[in-house]
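Below is one structure, written out as structure tokens; comments come after it.
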Amino acid sequence: MREKRFVIVNLIFAFFLIFLFCSESVDSISLESMLSNYIAQDSQIKNLALKYQQTLLSQKKSDVQNGFNIKLSTGQISVRTDVFNMEPSLELSFPNLNGTRFLAKVPLNFSKKDDKSSLSGVDIGVKTELWGSTKSNLDLSEKRTERSVLLAKRALENQILNIEIEFYKTLKSIYSNYSSLLSSENSLYEEKIDLELLQTQGYSANSVKYRIAQLEFGDVQRDVEQKKRDLEQSIVEFSSKCGLQNPLQLSLLANVEFAFVDEDFASLYPMQKFDDVEQAEWDLNMLQSQILAEKAFNIYMDANYILNDSSYNNADTVKTGVSLSGKGAELSAGVKIPISKEEKNVSTQLLLTWNPTDLKTEKIEKQNTDLDLQMAVLRCENAKTSYQEMIEDAILTKENLLWQQKMNLEEKVLYQELADDMETWFKRGYATDSENRMSQVKLQNALIQCKINEIDLLLNDLQTKIRFVREE
């Protein structure tokens with residue numbers, strides 16, 4: 001009974017070898033399309049794609065806010081039985097031009113009693129920054145917005161790479177399960193050869209030695225069946241994640257070549273492109289730019305033309321002013337000049353404030369900024385050290401895998417020669433069927449080890465690539 005079960009297992013196993021390692025693919029699904037389907041089913045990628053779209057919209061919103069803006073207002077409207085008043089206004093702002101603003105107010109007054117209207121108090125003015133950090137801070141804000149878009153894009157690209165890494169790790173586990181099955185199959189043939197040897201030595205089926213060997217054979221046989229079941233389940237699960245309907249479509253994996261980057265990692269992945277180094281240097285550059293943008297003093301100027309100024313007997317006036325702030329102090333000065341022969345009075349305004357607390361807090365903030373700068377420099381140095389460690393590990397791993405690849409290929413040649421010789425000896429009657437089958441199993445396992453090695457090389461490439469920025 002056990003011999004029949006063993007024959008059935010062999011037939012099933014042989015069929016599995018045929019569909020998994022046939023030279024002709026029975027379907028048209030490629031590894032690339034399987035990977036594409038595998039990636040498409042990841043919900044995190046969809047979420048990151050939406051977040052990337054959000055950052056693009058935020059950038060558009062920022063561009064609109066920082067560009068030319070216009071604001072229209074009716075102002076306060078007052079309606080009585082015989083009087084109608086309103087003060088419409090128009091404001092034009094240019095954030096990119098040092099925050100320059102143009103403002104026009106046109107008070108309208110209509111009296112039913114006098115049946116007339118007036119434009120008294122029309123005010124047209126402009127205000128701008130002559131010296132300060134408004135423009136620089138706006139430029140830095142735009143850079144941060146652009147950076148958020150870039151980081152969102154990188155997060156999406158890195159997630160795609162992460163799923164690709166997961167794809168190949170899953171694929172590797174399938175090959176590893178198959179290798180484990182082959183190892184158990186090899187042990188099964190060894191146990192069968194021992195049983196056959198005991199039979200030729202004259203041991204009866206009821207002898208203790210034969211029964212022990214038979215039990216050991218049964219244990220290995222059950223192990224083979226369990227591993228075959230595990231392998232089939234892993235293939236079905238992998239097929240589902242790849243969006244495939246039929247697990248047999250994975251038969252093309254036998255002929256897949258897992259290409260890896262055959263270039264020097266140190267030249268392919270320079271330090272400046274290492275994600276930690278690039279981020280640390282960007283942070284340092286932004287902090288330095290922020291320090292340069294901050295001015296010790298800010299100077300603003302404003303100018304207004306007032307038509308029919310009520311405070312000057314309805315004469316037209318021109319008003320100009322300058323304000324200076326910084327170091328806890330604020331100074332503003334202005335002058336209003338009437339444009340009329342009747343009005344000669346010129347008014348001036350002067351305001352001076354000083355807050356010692358602001359000066360103290362400014363000094364503390366300066367000390368904090370100096371510490372931030374030191375920490376930013378330290379992060380750059382640590383990131384460069386991390387790069388050296390990472391790239392050295394990646395290079396060493398690649399060298400070890402290439403050495404293992406050479407060993408695997410040499411081993412495959414030896415097992416190929418053994419399998420060919422064993423088949424010849426079997427046909428001539430010098431080797432048993434079990435010995436011949438066992439040599440084929442060893443050859444298949446050697447081939448699988450080559451595939452696993454190829455995937456390891458590819459994974460080393462991908463796990464290195466994901467740590468580097470890829471845009472120009």
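These numbers come from a predicted model, not from an experiment. No hydrogens, no waters, no symmetry mates; every other heavy atom, side chains included, goes into these values.
- Minimum interatomic distance between Ala431 and Met422 (heavy atoms only, all atoms of both residues): CB-SD, 3.5 Å.
- Contact check for Asn445 versus Ser183: side-chain heavy atoms found under the 4.5 Å cut-off.
- Classification of Asp223 and Lys227 as a salt-bridged pair holds, one side-chain N sitting under 4.0 Å from a carboxylate O.
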task: For the pair Asp302 and Arg101, evaluate salt bridge (Lys or Arg N to Asp or Glu O under 4.0 Å) and give the outcome as yes or no after the intermediate values.
output: CA-CA 9 Å; Asp302 61 87; Arg101 291 192 308 154; over 6 Å; no

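- In terms of modelled atom types and a separation under 3.5 Å, the side chain of Ser148 and the main chain of Thr145 share a donor-acceptor contact.
- The existence of a salt bridge linking Glu278 and Arg154 is confirmed by a sub-4.0 Å separation between a basic side-chain nitrogen and an acidic carboxylate oxygen.
- Considering all non-hydrogen atoms of both residues, Leu161 and Leu462 come closest at CD2-CD2, 4.0 Å.
- The local environment of CD in Gln76 is sparse, with at most 12 non-hydrogen atoms from other residues, nucleotides or ligands closer than 6.0 Å.
- With a 4.5 Å cut-off on side-chain heavy atoms, Asn96 and Leu138 count as touching.
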| query | Can you list the steps and then say if Thr134 with Glu129 is a side-chain hydrogen bond (donor to acceptor under 3.5 Å, both in side chains)? | reply | CA-CA 8 Å; Thr134 298; Glu129 182 184 68; 2.9 Å; yes

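- Panel note: side chain Thr432, backbone Glu435; a donor-acceptor pair is recorded below 3.5 Å.
- Put simply, the side chain of Asn460 gets close to the backbone of Ala394: a donor and an acceptor are under 3.5 Å apart.
- Within the 4.5 Å cutoff, side-chain heavy atoms of Tyr178 are placed close to those of Leu182.
- Between Glu91 atom CD and Ile70 atom CD1 the span is 10.0 Å, to the nearest 0.5 Å.
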Inset, instruction - Would you please test Arg437 and Asp433 for salt bridge (Lys or Arg N to Asp or Glu O under 4.0 Å) and show each step? - result: CA-CA 6 Å; Arg437 289 177 179 273; Asp433 178 66; 2.9 Å; yes

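- Judged by distance alone, the side chain of Asn285 and the main-chain N or O of Glu281 form no donor-acceptor pair under 3.5 Å.
- For the atom pair CD1 of Ile165 and CG of Asn158, the computed distance is 9.0 Å after rounding to the nearest 0.5 Å.
- Only one option out of Glu417, Lys412, Glu411 pairs with Tyr415 in a side chain to side chain contact (heavy atoms under 4.5 Å, CB included); it is Glu411.
- Around OH of Tyr430, the count of heavy atoms belonging to other residues, nucleotides or ligands within 6.0 Å does not exceed 12.
- Here CZ of Arg222 is found 4.5 Å from CG of Asp219. Values are rounded to the nearest 0.5 Å.
- When only modelled atom types and interatomic distance are considered, Ser434 and Glu196 share a side-chain donor-acceptor pair under 3.5 Å.
- Residues Leu459 and Leu457 fail the side-chain proximity criterion, which asks for heavy atoms closer than 4.5 Å.
- Using modelled atom types, one side-chain atom of Gln41 and one backbone atom of Lys241 make a donor-acceptor pair closer than 3.5 Å.
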Review point. Under the side-chain hydrogen bond (donor to acceptor under 3.5 Å, both in side chains) criterion, do Gln290 and Asn137 qualify, and how do the steps go?
Key: CA-CA 7 Å; Gln290 183 67 53; Asn137 286 333; 3.2 Å; yes

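- Using modelled atom types, one finds a donor on one side chain and an acceptor on the other under 3.5 Å when comparing Tyr210 with Gln199.
- Side chains of Gln44 and Ile163 form no contact here, defined as non-hydrogen atoms less than 4.5 Å apart.
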(request) Evaluate the criterion side-chain hydrogen bond (donor to acceptor under 3.5 Å, both in side chains) for residue pair Gln65 and Asn69; output intermediate values, then yes/no. (result) CA-CA 7 Å; Gln65 292 175 335; Asn69 296 316; over 6 Å; no

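- Glu191 approaches Val220 most closely through the heavy-atom pair CG-CG2, 3.9 Å.
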Decide salt bridge (Lys or Arg N to Asp or Glu O under 4.0 Å) for Glu225 and Arg229; before the verdict, give the C-alpha distance in whole Å, the side-chain angles of both, and the deciding distance to 0.1 Å. CA-CA 6 Å; Glu225 292 173 350; Arg229 180 180 175 84; over 6 Å; no

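- Below 30°, between 30° and 60°, or above 60°: for Phe102 and Phe94 the angle between ring planes is above 60°, a perpendicular geometry.
- Taking all atoms of both residues into account, the shortest heavy-atom contact from Leu156 to Ala49 is CD1-N, 3.9 Å.
- In this view, Tyr203 satisfies the ring-ring contact (aromatic ring centres under 6.0 Å, His included) rule with no residue, not counting sequence neighbours.
- The backbone N or O of Thr100 sits nowhere less than 3.5 Å from a side-chain atom of Asn98 that would complete a donor-acceptor pair.
- Proximity of Lys127 to Met301: side-chain heavy atoms (C-beta onward) are nowhere separated by under 4.5 Å.
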Practice problem: Start with the C-alpha gap between Lys51 and Asn47, add the side-chain angles, then the distance that decides, and say whether side-chain contact (heavy atoms from CB on, under 4.5 Å) holds. | Solution: CA-CA 6 Å; Lys51 287 185 177 181; Asn47 184 52; 3.6 Å; yes

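- For the residue pair Ala155 and Leu48, the shortest heavy atom distance occurs at O-CD1, 3.5 Å.
- Taking a 6.0 Å sphere around CZ of Arg211, one finds it holds 12 or fewer heavy atoms contributed by other residues, nucleotides or ligands.
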### Task
Might you work through the side-chain contact (heavy atoms from CB on, under 4.5 Å) test for Val236 and Ser239, ending with a clear yes or no?
CA-CA 5 Å; Val236 170; Ser239 300; 5.6 Å; no

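- Annotation: side chain of Leu188 is not in contact with side chain of Lys192 (no heavy-atom distance under 4.5 Å).
- Side-chain N/O atoms of Asn453 and Gln449 include no donor and acceptor closer than 3.5 Å.
- Heavy atoms only, all atoms of each residue included: Arg470 and Ile466 are closest at NH1-CA, 3.9 Å.
- For the atom pair CD1 (Ile364) and CG (Leu359), the distance works out to 10.5 Å, reported to the nearest 0.5 Å.
- Annotation: side chain of Ser234 is in contact with side chain of Leu231 (closest heavy-atom distance under 4.5 Å).
- Using modelled atom types, one side-chain atom of Thr200 and one backbone atom of Leu197 make a donor-acceptor pair closer than 3.5 Å.
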Hey, can you pull the donor-acceptor pairs under 3.5 Å for the side chains in residues 370-393, sequence neighbours left out?
from, atom 1, to, atom 2, distance (Å)
Asp370, OD1, Lys366, NZ, 3.2
Asp370, OD2, Lys366, NZ, 3.2
Asn382, ND2, Leu378, O, 3.4
Thr385, OG1, Glu381, O, 3.1
Ser386, OG, Asn382, O, 3.0
Tyr387, OH, Tyr269, O, 2.7

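- Atom CD of Gln416 is separated from atom CG of Leu443 by 4.5 Å, given to the nearest 0.5 angstrom.
- Ring geometry for Phe238 versus Tyr38: interplanar angle of 30 to 60°, hence tilted.
- With Glu423 contributing its side chain and Asp420 its backbone, the two residues share no donor-acceptor pair below 3.5 Å.
- Salt-bridge check for Lys465 with Asp461: failed, with every basic side-chain N at 4.0 Å or more from each acidic carboxylate O.
- Ser179 places no side-chain N or O within donor-acceptor distance of the main-chain N or O of Tyr175, the cut-off being under 3.5 Å.
- Counting only distance, with no hydrogens or angles, the side chain of Thr361 and the backbone of Thr357 share a donor-acceptor pair below 3.5 Å.
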